[in-house]
Amino acid sequence: MSLERFAPAKVNLFLHVGPLGEDGYHPISSLMTFASVGDRVRFTRASEMGFAVDGPFAAELGGDSAGNLVLRARDQLLAAFPDDWAPFRITLEKNLPVAAGLGGGSSDAAAALNLMAEALSLVEGGFGARRDLPTSVGRGGVESIGELAPPGETSDALTAIARRLGSDVPACLGGVPVMASGRGDACDWPPVFPDLDVVLVNPLVASPTGAVYAGYDAAGAPGSAEPPRWPDPLETPQALADYLAGTRNDLEAPAIALAPAIGDVLAALKAQPQTLLARMSGSGASCFAICTDERDARDLALRIADDHPEWWVTPCRLAGFRP
């Protein structure tokens with residue numbers, strides 16, 4: 001028996017961050033969506049329990065498998081559902097850069113939870129909506145994000161595990177565009193916006209989340225978790241880019257201070273005519289450029305890759321949201 005789940009890159013189209021709270025977390029407001037590029041998680045029956053990492057960025061994870069979120073997800077799920085499970089092997093195919101601001105670890109953990117829930121017949125088909133490449137997501141008569149999960153104790157347990165693993169793992173568990181608030185784990189439907197052709201660029205320098213937030217705090221936490229105004233339906237990439245121009249990523253400045261190459265990426269993207277808007281995602285170092293269509297995204301990716309062969313560059317699609 002062998003099953004596989006796609007773990008899409010998570011992109012923060014904007015990220016407003018408030019000052020550190022008494023609970024030790026920064027409140028945020030963020031429009032999150034998911035990409036057509038990402039890691040993959042595989043489940044195979046085996047003679048003994050095992051975990052392995054392969055793929056182009058496997059080495060960047062180092063030898064600390066015990067700290068890997070996929071392994072922690074496996075162990076917490078088995079603890080929550082004790083049984084005489086037949087042994088299996090989980091393999092993480094690491095295709096995304098590490099510490100990249102693309103939610104890779106969180107998406108990997110969510111994919112692992114979905115995969116094991118399906119493989120072990122805990123929830124039919126798993127929890128999440130995303131099995132492969134993203135396209136526009138709609139409510140489909142569902143009134144709240146929470147209703148995307150099949151009802152019952154199993155789904156509640158999976159959600160609880162996701163919350164313990166990380167603030168954005170619950171959003172990744174559902175795998176649909178969301179407007180996130182609180183610590184990032186309070187999710188609601190986003191405004192209407194189209195599927196997007198974008199280019200993702202990472203200068204292959206680390207941008208550790210903790211260090212970026214520390215830099216943000218040291219600067220006096222100048223941002224705010226206040227969400228932007230709610231827009232009318234955004235029907236085109238240009239309309240979304242115009243709306244996002246009035247929003248921010250409050251972690252961009254401290255991330256650039258720690259890793260100036262991020263500023264180089266943004267400058268390179270903004271200098272090209274295909275770019276409608278360029279911004280850093282998450283705590284960096286990955287940045288994205290929104291383009292009008294697939295052709296512009298492909299042309300922009302080719303230009304950036306030619307000018308900067310040392311960077312990771314890929315065109316892809318981001319899932320939109322429709323009513």
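A quick note: this is a predicted structure, and the numbers were derived from the prediction, not measured. We count residues from 1, following the sequence as given.
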| Ser207 to Ala285 - nearest heavy-atom pair and separation | CB-N, 3.5 Å
| message | Taking the six-membered ring for Trp, are Phe88 and Phe43 closer than 6.0 Å centroid to centroid? | response | yes
| said: Between Asn114 and Glu118, is there a side-chain donor-acceptor contact under 3.5 Å, judged purely by atom types and distance? | reply: no
| said: Please determine whether residues Val205 and Val98 belong to a single hydrophobic cluster, defined as Ile, Leu, Val, Met, Phe, Trp and Tyr linked transitively by side-chain heavy-atom distances below 4.5 Å. | reply: no
| message | Nearest 0.5 Å, please: how far is CZ in Phe14 from OG1 in Thr247? | response | 6.0 Å
| task | Please determine if Lys94 and Asp108 form a salt bridge, counting it only when a charged side-chain N lies under 4.0 Å from a carboxylate O. | result | yes
| field | Residues in salt bridge (charged side-chain N to carboxylate O under 4.0 Å, His left out) contact with Arg42, at least two apart in sequence or another chain | value | Asp54, Glu93
| Are side-chain heavy atoms of Glu60 and Pro97 found at a separation under 4.5 Å? | no
| Is there a side-chain contact between Leu77 and Leu122 (heavy atoms, below 4.5 Å)? | yes
| What's the spacing between Leu13 CG and Leu240 CG if we round to 0.5 Å? | 6.0 Å
| query | Do the side-chain N and O atoms of Asp168 and Ser106 include a donor-acceptor pair separated by under 3.5 angstrom? | reply | yes
| query | Just how far is it from atom CG of Asp185 to atom CG of Leu165, taken to the nearest 0.5 Å? | reply | 12.5 Å
| field | Donor-acceptor contact below 3.5 Å, side chain Ser36 vs main chain Arg317 | value | yes
| query | Which residues satisfy the side chain to side chain contact (heavy atoms under 4.5 Å, CB included) test with Leu277, sequence neighbours excluded? | reply | Ala241, Leu244, Ala245, Arg279, Phe288, Ile290
| task | Please say which of Leu71, Leu113, Leu158, Ile161 ends up in a side chain to side chain contact (heavy atoms under 4.5 Å, CB included) with Gln76. | result | Ile161
| Do any N or O atoms from the side chain of Tyr216 and from the backbone of Val17 form a donor-acceptor pair under 3.5 angstrom? | yes
| request: Kindly indicate whether a cation-pi arrangement holds for Arg183 with Tyr25, taking the cut-offs as under 6.0 Å to the six-membered ring centre and within 45° of the axis. | output: yes
| query | Between Phe81 and Ala157, what is the shortest heavy-atom contact and its length? | reply | CZ-CB, 3.6 Å
| query | Do Leu196 and Met179 sit in the same hydrophobic cluster, where Ile, Leu, Val, Met, Phe, Trp and Tyr count as joined when their side-chain heavy atoms come under 4.5 Å apart? | reply | yes
| task | May I ask you to check whether over 12 heavy atoms, not counting those of Glu48, lie within 6.0 Å of atom CD? | result | no
| message | Using side-chain heavy atoms (C-beta onward) and a distance below 4.5 Å, is Leu200 in contact with Ser286? | response | no
| Can you tell if the side chain of Leu300 reaches within under 4.5 Å of the side chain of Pro315, non-hydrogen atoms only? | no
| same_hphob_cluster(Trp311, Leu302) at 4.5 Å side-chain heavy-atom cutoff | no
| By side chain to side chain contact (heavy atoms under 4.5 Å, CB included), which residues pair with Arg295, not counting sequence neighbours? | Asp293, Arg298, Asp299
| request: State the CH2-CE distance between Trp85 and Met116, to the nearest 0.5 angstrom. | output: 11.0 Å
| task | Provide the closest heavy-atom pair for Gly101 versus Asn12 in the form atom of the first, atom of the second, distance. | result | O-OD1, 4.3 Å
| message | Do Val265 and Ile256 land in one hydrophobic cluster if side-chain heavy atoms of ILVMFWY residues count as linked below 4.5 Å? | response | no
| field | Close side-chain approach of Asp188 to Val178, heavy-atom, < 4.5 Å | value | no
| query | Do you know which two heavy atoms are closest between Val37 and Phe6, and how far apart they sit? | reply | C-CZ, 3.6 Å
| query | Distance-only, no hydrogens or angles: does the Arg89 side chain make a donor-acceptor pair with backbone N or O of Arg45 under 3.5 Å? | reply | no
| query | What distance separates Asp232 CG from Tyr243 OH, expressed to the nearest 0.5 Å? | reply | 11.0 Å
| query | Once you round to the nearest 0.5 Å, how far does CG of Leu15 lie from OG of Ser283? | reply | 8.5 Å
| query | Are Ile304 and Val198 connected in a single hydrophobic cluster, I mean Ile/Leu/Val/Met/Phe/Trp/Tyr linked by side-chain heavy atoms less than 4.5 Å apart? | reply | no
| task | Measure across Leu96 and Gly104 and return the closest heavy-atom pair with its distance rounded to 0.1 Å. | result | CD1-CA, 4.4 Å
| Side-chain heavy atoms of Asn95 within contact of Pro56, under 4.5 Å | yes
| For residues Asn249 and His16, is any side-chain donor paired with an opposing acceptor at under 3.5 Å? | no
| Pro177 versus Ala319, closest heavy-atom pair with distance | CG-O, 3.6 Å
| request: Please test His26 against Asp217 for side-chain hydrogen bond (donor to acceptor under 3.5 Å, both in side chains), starting from the C-alpha separation and ending with a verdict. | output: CA-CA 10 Å; His26 293 80; Asp217 292 338; 2.7 Å; yes
| task | Measure the shortest side-chain to side-chain distance between Met32 and Ile28 over non-hydrogen atoms and say whether it is less than 4.5 angstrom. | result | yes
| task | Would you indicate whether the side-chain heavy atoms of Cys287 and Leu269 approach each other to under 4.5 Å? | result | yes
